[in-house]
Number of protein chains: 4
Amino acid sequence: MSSRREATRHRLFEAAITLISEQGFGATSVDQIAERAGVAKGTVYYNFSGKAELYTALMEWGVQRLSDHLSAAVVGPPREALSSVLRTELEFIGTHESLARLLMAEAWRTRQTWYDTVRQIRAGAIGVISGLLEDLVEAGELPDDLDIGVAGSALFGMVLTVALDWRTLQPDRPLEEIHATLIRLVDGFLTR
Amino acid sequence: MSSRREATRHRLFEAAITLISEQGFGATSVDQIAERAGVAKGTVYYNFSGKAELYTALMEWGVQRLSDHLSAAVVGPPREALSSVLRTELEFIGTHESLARLLMAEAWRTRQTWYDTVRQIRAGAIGVISGLLEDLVEAGELPDDLDIGVAGSALFGMVLTVALDWRTLQPDRPLEEIHATLIRLVDGFLTR
Amino acid sequence: MSSRREATRHRLFEAAITLISEQGFGATSVDQIAERAGVAKGTVYYNFSGKAELYTALMEWGVQRLSDHLSAAVVGPPREALSSVLRTELEFIGTHESLARLLMAEAWRTRQTWYDTVRQIRAGAIGVISGLLEDLVEAGELPDDLDIGVAGSALFGMVLTVALDWRTLQPDRPLEEIHATLIRLVDGFLTR
Amino acid sequence: MSSRREATRHRLFEAAITLISEQGFGATSVDQIAERAGVAKGTVYYNFSGKAELYTALMEWGVQRLSDHLSAAVVGPPREALSSVLRTELEFIGTHESLARLLMAEAWRTRQTWYDTVRQIRAGAIGVISGLLEDLVEAGELPDDLDIGVAGSALFGMVLTVALDWRTLQPDRPLEEIHATLIRLVDGFLTR
DNA sequence: GATGAATGAGTTTTCATTCAT
DNA sequence: GATGAATGAAAACTCATTCAT
């Protein structure tokens with residue numbers, strides 16, 4: 001694939017993320033996306049088979065970015081790694097707010113073409129967290145009869161919800177404060 | 001208002017909730033709603049001024065039910081009340097899964113007509129939880145420098161995420177198991 | 001189906017036949033059809049699932065007319081009936097020239113959605129002729145080892161080609177002359 | 001003109017003939033033609049000024065071949081020459097089925113750019129047959145008051161229809177059988 | 001000679017809404 | 001109260017054509 005084409009696709013992603021996260025998939029027209037990306041409408045169809053495929057590709061591209069960030073944050077002993085992963089999730093959502101809203105809005109929708117893609121995303125992200133919880137169980141810092149799947153989902157949702165509320169309601173607060181509150185809650189889980 | 005009309009409105013609600021929660025607001029047509037409700041398309045417009053009004057009415061109706069349930073669950077000393085509220089949230093999502101998905105999918109969307117309605121809902125639900133956290137601070141079971149707003153949001157998101165994952169991925173597990181795991185996590189927060 | 005709707009469908013057929021037979025299916029837009037029929041574009045889609053379905057329905061409607069005419073012409077002893085059927089085919093093509101052109105233009109096309117519909121048409125029309133040829137074999141006016149299928153196809157194609165050339169090149173000649181020439185040719189087949 | 005270029009043009013012809021005969025001119029895209037020919041889309045425009053020119057060139061190329069074949073078949077006394085021409089028409093359609101379908105499908109269409117090209121083809125082919133019929137009149141084997149124009153058109157259409165039905169419905173039958181049946185019919189015309 | 005990314009005018013299609021019955 | 005045929009504005013989508021490489 002030529003790099004010119006690659007660049008065009010990238011511009012379309014950036015345009016689509018913002019518009020769709022603000023207005024929703026249905027309310028965003030291909031015209032708007034093309035105009036914002038600075039290309040002709042036909043170019044969207046040259047690069048993607050249609051609006052739905054653009055959306056699916058967009059989410060896959062988003063996943064890759066989130067996964068890469070979270071995985072890179074798994075460093076050091078479990079407790080520190082968990083803290084680092086949660087901070088990274090917060091940071092990612094802060095930086096790529098549009099993408100995060102977009103993922104969340106669709107994450108709860110069943111019977112969509114892209115349902116499987118979204119589920120994959122969630123599984124990947126939650127997997128990183130669940131992996132760390134397992135390490136903590138082995139290290140004796142969590143009881144070994146804890147339901148790791150549910151707990152991972154709980155932590156993921158907690159950070160996500162807090163992050164989006166932070167961006168929506170109190171965008172000026174420093175990330176550090178939010179992170180500190182989250183860590184206090186999570187530390188409560190851990191065996192003392 | 002005649003009860004026949006009331007019955008028609010109710011059937012339209014039920015049809016709209018399911019369809020919109022599955023496909024989204026934009027992807028659900030008035031035709032589909034009318035067909036599922038077993039009425040003619042014109043009937044939708046006889047009963048509501050339009051698709052948007054149907055949607056707003058739908059969400060307000062949903063809010064009322066969620067609020068009623070949560071408020072009714074605030075009974076007894078704070079710890080028990082918190083446990084009861086979380087269980088009720090789980091139950092509500094289990095029973096009104098479509099409605100819950102619907103609310104979540106829209107909750108992260110900015111710049112929508114019904115954005116304020118959704119925010120109200122969230123504020124109401126989180127408010128019940130934050131209120132209990134304040135009671136717990138007063139009771140000395142939570143440190144008084146904890147950020148109650150963030151913590152309330154965290155608890156709410158945790159339950160919501162876990163509940164929807166439960167319904168989506170393991171719908172056959174008994175509610176009791178999910179509730180127990182949540183309570184173990186939450187108990188970790190509390191001062192022992 | 002309401003008679004209003006039926007009337008609208010009929011007007012769309014009439015509009016589509018003329019336009020498509022002149023310009024071809026691909027070169028005729030739904031806009032043109034709607035405008036000529038005096039309805040809004042959306043009405044086409046309310047009455048048919050799309051342009052292709054309109055076309056298929058159109059051809060089925062055309063078949064019915066042609067079949068009805070040909071069948072009604074089968075009267076009297078075989079020789080006279082054959083003469084009558086060929087005259088009727090000539091007349092039908094003269095009167096419904098657009099429809100005939102349309103059917104012929106598509107009759108040779110494979111791999112189209114409406115291929116089966118067209119084949120049905122041809123089979124029906126040729127069937128009436130082949131039936132008469134069989135009667136003629138039984139009456140001893142045709143040798144019994146003649147390939148009835150091929151002969152029926154030959155007669156059908158002969159009349160069709162002659163009829164369309166007549167309408168195209170010498171539209172002012174009376175039908176009677178054309179019919180007389182055809183009958184002279186056909187009589188040559190028959191045993192004297 | 002380089003032979004590489006000539007080869008490319010030829011591949012484009014072959015691809016276009018097949019696709020257009022199957023789907024029609026309007027329904028066949030330049031993309032499809034290029035893909036089937038195994039070249040890039042731009043190559044079509046390097047070799048032809050556009051889709052319409054490709055189509056015109058295509059039909060002229062087809063005519064030349066048909067004319068060459070039919071003319072070469074006019075050998076010997078009229079009766080034998082007629083038999084030979086009809087066989088050649090059958091053979092040509094059998095061998096170049098796609099091209100024949102294509103010509104037929106357009107032959108009945110008025111108001112097209114290439115209408116004159118198609119008419120020329122028909123006139124040429126029918127002319128060869130009419131010429132032979134005139135020879136037969138002179139030889140006293142046909143009555144001199146027969147309408148030669150109509151009869152030529154009738155014979156042409158008869159063979160064409162039979163040939164295409166043969167290829168479509170019973171492609172495995174030997175050409176000889178079809179030819180024999182046609183000759184029996186035609187012989188009936190002739191004075192005995 | 002050939003390529004294929006990009007274009008935009010022209011099309012098909014959708015669907016919330018109206019309104020006569 | 002309810003219906004469903006009809007509407008038209010706003011989308012989605014197609015594809016012949018151009019042009020820089």
Side-chain angles (χ1 to χ4, degrees), chain A residues 1-9 26-34 37-52 54, chain B residues 1-9 26-35 38-54, chain C residues 1-9 26-34 38-52 54, chain D residues 1-2 4-9 26-35 38-54:
Chain A
M1 190 169 297
S2 79
S3 84
R4 182 181 178 198
R5 193 168 180 183
E6 202 53 50
T8 302
R9 286 174 71 96
T28 302
S29 71
V30 172
D31 270 288
Q32 283 173 40
I33 295 171
V39 299
K41 184 166 35 170
T43 302
V44 176
Y45 290 90
Y46 183 73
N47 283 283
F48 302 94
S49 72
K51 193 182 169 186
L54 163 61
Chain B
M1 190 170 295
S2 83
S3 85
R4 180 181 176 193
R5 185 162 186 188
E6 202 51 47
T8 301
R9 285 175 68 96
T28 301
S29 69
V30 173
D31 270 287
Q32 283 174 43
I33 295 171
E35 190 188 351
V39 300
K41 182 156 48 164
T43 304
V44 176
Y45 290 86
Y46 185 74
N47 284 282
F48 300 94
S49 73
K51 192 184 171 187
E53 206 227 60
L54 165 60
Chain C
M1 192 169 295
S2 80
S3 82
R4 182 182 180 198
R5 192 168 180 182
E6 202 53 48
T8 302
R9 285 174 70 96
T28 303
S29 71
V30 173
D31 270 288
Q32 285 172 39
I33 295 171
V39 300
K41 187 166 28 174
T43 302
V44 176
Y45 290 88
Y46 182 71
N47 282 283
F48 301 95
S49 72
K51 193 184 170 186
L54 164 61
Chain D
M1 190 172 292
S2 83
R4 180 180 176 193
R5 186 164 184 188
E6 202 50 44
T8 301
R9 283 175 71 95
T28 302
S29 69
V30 174
D31 270 288
Q32 284 173 44
I33 295 171
E35 190 188 351
V39 301
K41 182 156 48 165
T43 303
V44 176
Y45 289 86
Y46 185 74
N47 283 282
F48 300 94
S49 73
K51 192 186 173 187
E53 206 227 57
L54 165 61

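Quantities reported herein were computed from a predicted structural model and do not represent experimental measurements. Labels below follow one simple rule: chain letters A, B, ... track the order of the sequence lines, proteins then strands, and each chain is numbered from 1.
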Engineer: For the side chain of B:V30, counting heavy atoms from C-beta on, which of E:dA16, E:dA5, F:dG4 is nearest?
Structural biologist: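 From the listed options, E:dA16 comes nearest.
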Engineer: In Watson-Crick or G-U wobble terms, both distances under 3.5 Å, what is the partner of E:dT14?
Structural biologist: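 In the structure as shown, E:dT14 has F:dA9 as its Watson-Crick or wobble partner.
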Engineer: What does B:V44 touch in the nucleic acid at a heavy-atom separation under 4.0 angstrom: a base, only the sugar-phosphate, or nothing?
Structural biologist: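 It contacts nothing in the nucleic acid.
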Engineer: E:dG1, E:dA16, E:dT12: which one has an atom nearest the side-chain heavy atoms of B:K51?
Structural biologist: E:dA16
Engineer: Which residue, B:T43 or D:G42, contacts DNA chain F at a nucleotide closer to its 5' end, judged by nearest heavy atom?
Structural biologist: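 First, find each residue's nearest nucleotide; the 5'-ward one identifies B:T43.
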Engineer: Could you tell me whether the phosphate oxygens of F:dC15, OP1 or OP2, come under 4.0 Å of any side-chain nitrogen or oxygen in D:S29?
Structural biologist: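 For D:S29, the contact criterion (side-chain N or O under 4.0 Å from OP1 or OP2 of F:dC15) is not met.
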Engineer: Considering only side-chain heavy atoms of C:T8, which listed nucleotide, E:dA6, F:dA6, E:dA2, is closest?
Structural biologist: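 From the listed options, F:dA6 comes nearest.
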Engineer: Return the 5'-most residue of the pair B:G38, A:G26 with respect to DNA chain F, ranking by each residue's nearest nucleotide.
Structural biologist: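 Its nearest nucleotide being more 5', the pick is B:G38.
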Engineer: So, OP1 or OP2 of F:dA2: does either fall under 4.0 Å of a side-chain N or O from B:Y46?
Structural biologist: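 Negative; the distance criterion is not met.
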Engineer: Give, for atom CG of C:L54 and atom CZ of C:F48, the distance between the pair rounded to the nearest 0.5 Å.
Structural biologist: 5.0 Å
Engineer: Measure CG/C:D31 against P/E:dA9 and give the value in whole Å, please.
Structural biologist: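 In whole Å, E:dA9 P and C:D31 CG are 17 Å from each other.
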Engineer: Going by modelled atom types, is there a donor-acceptor pair between the base of E:dT17 and the side chain of B:K41 at under 3.5 Å?
Structural biologist: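 Checked by distance alone, the answer is yes.
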Engineer: OP1, OP2 of F:dA2 versus side-chain N and O of B:R4: anything below 4.0 Å?
Structural biologist: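 Looking at the OP1 and OP2 atoms of F:dA2, one of them is under 4.0 Å from a side-chain N or O of B:R4.
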Engineer: Roughly how far, to the nearest 0.5 Å, is the CD atom of A:Q32 from the NZ atom of A:K41?
Structural biologist: 11.5 Å
Engineer: For E:dA2, give the paired nucleotide (Watson-Crick: N1-N3 plus N6-O4 or O6-N4; G-U: N1-O2 and O6-N3; both under 3.5 Å), or none.
Structural biologist: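 Its partner is F:dT21 (Watson-Crick or G-U wobble, both distances under 3.5 Å).
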Engineer: Separation of D:I33 atom CD1 from F:dC15 atom P, in whole Å?
Structural biologist: 12 Å
Engineer: Looking at E:dA6, I'd like to know if its phosphate oxygens (OP1 or OP2) sit under 4.0 Å from a side-chain N or O belonging to A:N47.
Structural biologist: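 Yes.
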Engineer: Rounded to whole angstroms, how far apart are CD on C:Q32 and P on E:dT11?
Structural biologist: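 After rounding, the reported distance stands at 7 Å.
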Engineer: Could you state the interatomic distance from OG1 (D:T43) to CD1 (D:I33), rounded to the nearest 0.5 Å?
Structural biologist: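 Interatomic distance, D:T43 OG1 to D:I33 CD1, rounded to 0.5 Å: 13.0 Å.
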Engineer: Tell me: CZ of D:F48 to P of F:dT18, nearest whole Å?
Structural biologist: 16 Å
Engineer: Nearest-Å distance, CD (B:E35) to C1' (F:dG4)?
Structural biologist: 13 Å
Engineer: Taking 4.0 Å as the cut-off, does a side-chain nitrogen or oxygen of D:Y45 come that near to OP1 or OP2 on F:dT17?
Structural biologist: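 Answer is yes, contact under 4.0 Å.
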Engineer: So among B:E6, B:E53, B:R9, B:R5, which one has a side chain to side chain donor-acceptor pair (under 3.5 Å) with B:N47?
Structural biologist: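 Exactly one candidate clears the test, B:R5.
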Engineer: Have a look at D:S49 and say if it touches a base, only the backbone sugar-phosphate, or nothing, with a 4.0 Å heavy-atom cut-off.
Structural biologist: nothing
Engineer: Roughly how many Å is it from CD in A:E6 to P in E:dA6, rounded to a whole number?
Structural biologist: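 It is 11 Å, rounded to the nearest whole Å.
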Engineer: Return yes if some donor-acceptor pair links the side-chain N/O of D:K51 with the main-chain N/O of D:Y45 below 3.5 Å, else return no.
Structural biologist: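 Not at all, since once roles are kept as given, no pair shorter than 3.5 Å links the two residues.
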